[in-house]
Structures are given as C-alpha cells and as structure tokens.
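Please read the structure below before turning to the comments.
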Protein chains: 2
Amino acid sequence: MSKSATKVLQALERVGGFASAQELHLVLKRNQESIGLTTVYRTLQNLVNDKSVDILRKDDGEAIYRLCGDSHHHHLVCKNCGKTVEIEGGAIEKWAQKSGDENGFREIGHTAEIFGICSDC
Amino acid sequence: MSKSATKVLQALERVGGFASAQELHLVLKRNQESIGLTTVYRTLQNLVNDKSVDILRKDDGEAIYRLCGDSHHHHLVCKNCGKTVEIEGGAIEKWAQKSGDENGFREIGHTAEIFGICSDC
DNA sequence: ATTGAAAATGACAACCATTTCCATTTTTGC
DNA sequence: GCAAAAATGGAAATGGTTGTCATTTTCAAT
C-alpha cells in the first residue's frame with residue numbers, strides 16, 4: 001500500500017482542504033493518474049487509521065477528508081448568491097478545546113460554518 | 001402534516017434520545033401505528049426545518065434525530081459511542097456575529113459541532 | 001351534507017456513496 | 001526466478017435516503 005497512498009496524498013495537497021473520495025478520484029483521473037475508485041476508498045481508510053487524514057461528514061452524510069495538521073479555516077457563506085469568505089477561527093478553536101476538556105473528551109475536533117446575506121444581495 | 005408529526009414526536013419521546021429514521025419507523029410499527037417509512041423521513045425533515053428536532057450524523061453517515069431543547073446550544077459528540085453533551089455557545093455566537101459584520105454580511109447564523117472521544121471510550 | 005381543491009400519505013422505484021467480491025496484477029522475501 | 005502475500009480495480013451488492021405518483025385525507029366553501 002504505497003503507490004496509491006502517495007497519489008491520494010498528492011491529490012489532497014492539490015485540493016488544499018476537504019474533499020470527498022469521489023472528488024479525489026476525479027482529480028486523479030484528470031491528472032492522468034490511473035487509479036480505481038475502490039482503491040481511493042481503501043487508501044483513504046488506511047490513511048485515516050494511520051491518523052494521516054481527518055474524516056468528517058457533510059450535512060448530507062457524504063464523507064470528506066483532509067490532511068491532518070492542515071491549518072484549517074471556516075467559511076462565511078452567502079445564503080443567497082453563494083459568495084464565500086474564508087475566516088480564521090482562533091476563537092472557535094479555543095472554545096472547542098475548552099468545551100472538550102471540561103467534559104473529559106480527547107482528540108477534539110470541530111466543524112463550523114457561518115452563513116448570512118452578503119452586501120451585494 | 002400533523003398526524004404523522006405527532007406520531008414521530010411520540011416515538012422520539014419514547015426512545016428518549018437519538019434514533020435513526022429506520023429505528024423510529026420500527027418503534028412505530030411495534031406500537032401498531034401504521035405509518036410509512038417515506039412519511040417518517042419526510043416528517044423528520046419538516047421537524048428539523050421547524051427546529052423541533054436536531055439532526056446529527058453517526059460515524060457511518062447515518063442520520064440520527066432527537067427532540068431539540070428550547071435554548072440554542074451546540075453539541076459535543078463522542079465519535080465512538082455517540083454520547084452527547086450540550087454546550088453553551090456564547091463565544092461562538094459572538095465570533096459568528098463579528099465575522100459576519102466585518103465582511104458586510106447580515107442575517108447571520110451559524111452551525112457548529114464539537115466532536116472527540118469521551119472518557120468512557 | 002356535498003363538493004372540490006390542496007395537502008398528506010405510502011408503496012415502489014430510483015439514487016448514490018460506500019463496501020464487498022473476486023479475478024488479475026504487482027510486490028516482497030528468499 | 002519463484003511462490004506467497006499484498007495490492008488493485010471493475011463489477012455487483014448494499015443500504016440509507018429521496019423521488020415519483022396514484023390514492024387518500026383534510027377542510028373550507030357552498
């Protein structure tokens with residue numbers, strides 16, 4: 001399990017954030033990389049087990065992955081036109097960590113989105 | 001949309017925590033309630049839109065639902081066993097509002113979840 | 001009470017991300 | 001070089017969820 005892992009990790013770097021297995025498969029296909037969808041799924045599972053990759057769930061239940069240790073950000077999304085702004089989340093990181101600690105949780109992560117109506121709408 | 005909503009809410013009360021749509025359908029069937037699985041799904045969606053019910057995702061992507069408390073809160077969820085703690089989100093409210101203001105957004109809302117591994121797991 | 005339009009219902013089929021199966025290919029240890 | 005083990009990927013299966021649509025129920029107007 002190595003060629004595939006390398007390819008998948010490269011794809012994750014290229015997208016630079018969260019991506020679903022299917023998206024990663026497409027990215028690799030577009031880059032002339034020959035890799036099966038099954039292998040992408042299997043490789044992602046291995047990487048998650050190795051804790052090289054984080055797995056999350058979108059609202060619709062689809063799994064999305066990202067490289068561990070990526071400094072991550074949040075999104076401010078316009079409900080009307082979809083315009084998106086990237087937001088730093090220092091405050092929220094601390095809040096999540098503190099809340100987890102106080103309740104005896106470990107390996108704490110979080111998701112957060114802000115939405116509203118942008119000035120153009 | 002009322003008979004079904006009542007039944008689904010009763011089922012949610014009976015289980016007293018998180019339950020999947022399929023589980024709720026079974027509960028209702030066991031109680032001689034005649035209701036279709038499709039209607040259970042549709043009713044749950046309506047209840048989620050009304051903010052009467054919370055929806056979360058298990059690790060395997062299956063949706064689970066439960067009655068929503070009245071106050072706005074967030075969840076600290078164990079990735080392993082699903083144990084859930086309700087968290088006050090004062091810090092995050094301010095962060096969301098501030099981020100939105102700074103970027104000219106109005107009608108600002110947000111979603112946030114914290115997850116980790118609880119002390120029992 | 002009767003009617004008729006609009007909403008709700010549910011059996012069934014479609015959908016789609018994910019997993020399983022299995023035959024083939026590649027890698028590895030000797 | 002060679003056999004055993006691991007990896008690969010196409011096809012089929014799985015399973016939760018959603019879409020379809022004909023039928024039933026609700027309910028206000030008559």
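Treat the numbers as computed from the prediction; the structure is a model and nothing was measured.
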I need the minimum non-hydrogen distance between [X] and [Y], along with the two atoms involved.
X      : Y       : answer
S99(A) : N103(A) : O-ND2, 2.8 Å
T43(B) : A5(B)   : CG2-CA, 3.4 Å
S4(B)  : T39(B)  : OG-CG2, 3.3 Å

How would you list all residue pairs meeting salt bridge (Lys or Arg N to Asp or Glu O under 4.0 Å) that involve residues 23-42 of chain A, not counting sequence neighbours?
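Passing the test, one end in residues 23-42 of chain A: K7(A)-E33(A).
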Can you tell me if the side-chain N/O atoms of K58(A) get under 4.0 Å from OP1 or OP2 in dA17(C)?
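No.
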Can you tell me the distance, in whole Å, between the [atom1] atom of [X] and the [atom2] atom of [N]?
X      : N       : atom1 : atom2 : result
L44(A) : dA7(D)  : CG    : P     : 15 Å
Y41(A) : dT14(D) : OH    : P     : 18 Å
E23(A) : dC16(C) : CD    : C1'   : 14 Å
K7(A)  : dT26(C) : NZ    : P     : 11 Å
H25(B) : dG10(C) : NE2   : C1'   : 9 Å
D60(B) : dA17(C) : CG    : C1'   : 12 Å
Q45(B) : dA8(C)  : CD    : P     : 13 Å
D59(B) : dT19(C) : CG    : P     : 12 Å

Under 6.0 Å from the CG atom of D101(B), do we count more than 12 heavy atoms belonging to anything else shown?
yes
Pairwise side-chain contact, I114(A) with F105(B), heavy-atom cut-off 4.5 Å (strictly under)
no
The nucleotide from dG16(D), dT27(C), dT9(C) with an atom nearest the side chain of K3(A) is dT27(C)
Ignoring hydrogens and angles, answer whether the base of dG9(D) and the side-chain atoms of R42(A) contain a donor-acceptor pair closer than 3.5 Å.
yes
OH (Y65(A)) and CG (L67(A)) are apart, to the nearest 0.5 Å, by 13.5 Å
With a 4.0 Å heavy-atom cut-off, tell me which residues in residues 27-40 of chain B come close to DNA chain D, sorted by residue number.
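Those residues whose heavy atoms fall under 4.0 Å from DNA chain D, taken from residues 27-40 of chain B in numerical order, are T38(B).
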